[in-house]
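Here's the structure, in structure tokens; my notes come after.
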Protein chains: 2
Amino acid sequence: MVAGPTSTGPGKERLRLWIRLLRASRTIEAELRERLKKEFDTTLPRFDVMAALYRVPEGMLMSDLSRFLLVSNGNVTGIVDRLVSEGLVTRARRNGDRRTSMVRLTEEGAKSFATIAAVHEGWVGELLGGVSDDEARRLAGMLKSFRSNWEGRE
Amino acid sequence: MVAGPTSTGPGKERLRLWIRLLRASRTIEAELRERLKKEFDTTLPRFDVMAALYRVPEGMLMSDLSRFLLVSNGNVTGIVDRLVSEGLVTRARRNGDRRTSMVRLTEEGAKSFATIAAVHEGWVGELLGGVSDDEARRLAGMLKSFRSNWEGRE
DNA sequence: TTATAAAACTTTAAGCTTGAAATAATTTCC
DNA sequence: GGAAATTATTTCAAGCTTAAAGTTTTATAA
């Protein structure tokens with residue numbers, strides 16, 4: 001998914017775009033992953049889950065998390081398990097529907113996330129430093145329209 | 001890495017861009033992974049390795065592959081192991097430097113890749129269909145400049 | 001009601017991924 | 001020449017990821 005087009009023709013331009021998109025996000029992702037590990041001894045998936053939960057103090061269901069993060073159910077189970085064992089997150093059985101459990105950041109989890117998120121935002125600013133403000137806005141706009149199209153599509 | 005900004009301020013615009021970039025590439029990647037599995041019973045990492053090798057009939061060293069694909073050495077070892085066991089790739093010890101081994105597509109591997117790549121290119125065209133030709137070119141240009149900046153940076 | 005379907009989640013097996021440690025071959029340099 | 005550093009690769013442990021199968025609980029509907 002990271003190699004070049006293997007042909008010429010009409011699909012070539014979009015294939016090139018896709019490869020660049022993927023290389024850019026992999027490069028940035030790898031750098032962020034490494035820094036999260038080195039500086040905070042955590043991982044991207046844990047960070048993602050905590051970021052999702054941070055926005056919603058009342059908590060999220062497992063299925064909400066997996067939908068929001070674009071990953072499978074079983075995946076979220078494992079990550080939340082580890083966050084619970086680290087005391088950063090709680091899983092609370094609900095009275096209403098006993099199949100579901102509400103996942104919330106603990107106080108320690110919220111505090112920890114806030115610290116990391118502030119540094120993380122600085123890293124992203126640094127890593128995307130080569131993109132001008134104007135470009136950043138236009139790129140973000142294009143990607144937003146891609147997303148809307150996509151969501152209409154399914 | 002997929003949740004929204006947690007603050008306002010100067011870094012906010014680039015953080016938003018990064019989150020959209022990541023969501024877009026994850027969405028497309030997930031779709032391509034699923035189709036590769038369903039239609040060709042293969043995986044993205046295998047496809048990536050084969051794409052890299054397809055461009056270079058004389059083959060690549062393990063370390064070339066890992067550098068090119070932006071993944072770790074140990075990772076490539078496992079993927080190549082599996083491709084070898086499937087008869088799609090060969091690993092040849094070199095006379096000159098016996099630490100290295102040259103990895104090449106087999107005839108079957110090249111044939112298989114060509115088939116998959118053609119379909120894959122069509123998928124990408126379809127999945128990025130919402131992006132106009134003009135946008136595709138501009139986006140690709142921006143991402144290229146990002147990449148150059150990055151590479152100068154390290 | 002009460003079988004049947006659907007929903008929410010967990011478990012499992014297989015594969016991907018990394019960073020660190022281990023091996024083996026080559027180079028460097030005294 | 002031979003110790004020491006470097007390079008290329010593999011192995012390993014831990015964690016991430018998915019799809020599919022399994023469990024428990026709730027909803028549907030004949």
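Computation of the quantities below employed the complete heavy-atom set of this structure, encompassing side-chain atoms and omitting hydrogens, waters and symmetry-equivalent molecules. Protein chains get the first letters and strands the later ones, always in sequence-line order, with residue 1 at the start of each.
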So, does A:Ser63 get its side chain near the phosphate of C:dC9, meaning an N or O under 4.0 Å from OP1 or OP2?
yes
- prompt: Across the strands shown, which category fits A:Ser72 at heavy-atom distances under 4.0 angstrom: base, sugar-phosphate, nothing?
  reply: base
Considering only heavy side-chain atoms of B:Thr77, the closest of C:dA25, D:dT10, C:dG15 is D:dT10
**Prompt:** Can you find a heavy atom in the side chain of B:Arg104 that is under 4.5 Å from one in the side chain of B:Arg91?
**Reply:** no
Open item on the list: Base, sugar-phosphate or nothing for B:Arg46? Non-hydrogen atoms, less than 4.0 Å.
Closed with: sugar-phosphate
With the side chain defined as heavy atoms from C-beta on, B:Arg33 is closest, among D:dT18, D:dT6, C:dT18, to D:dT18
**Prompt:** Does A:Arg98 make a side-chain N or O approach to OP1 or OP2 of D:dT24 shorter than 4.0 Å?
**Reply:** no
Considering every strand and a 4.0 Å limit on heavy-atom distances, what is the contact class for A:Asn75: base, sugar-phosphate, or nothing? base
*Above 12 or not: heavy atoms from other molecules or residues under 6.0 Å from CD of A:Glu58?*
yes
Side-chain N or O of A:Thr100 closer than 4.0 Å to phosphate OP1/OP2 of D:dT25:
no
Contacts of A:Arg99 and A:Val76 projected onto DNA chain D by closest heavy atom; the upstream (5') one is A:Val76
Is any side-chain nitrogen or oxygen of A:Arg91 closer than 4.0 Å to OP1 or OP2 of C:dT10? yes
Reckon B:Asn73 touches a base, only the sugar-phosphate, or nothing at all at heavy-atom distances under 4.0 Å? base
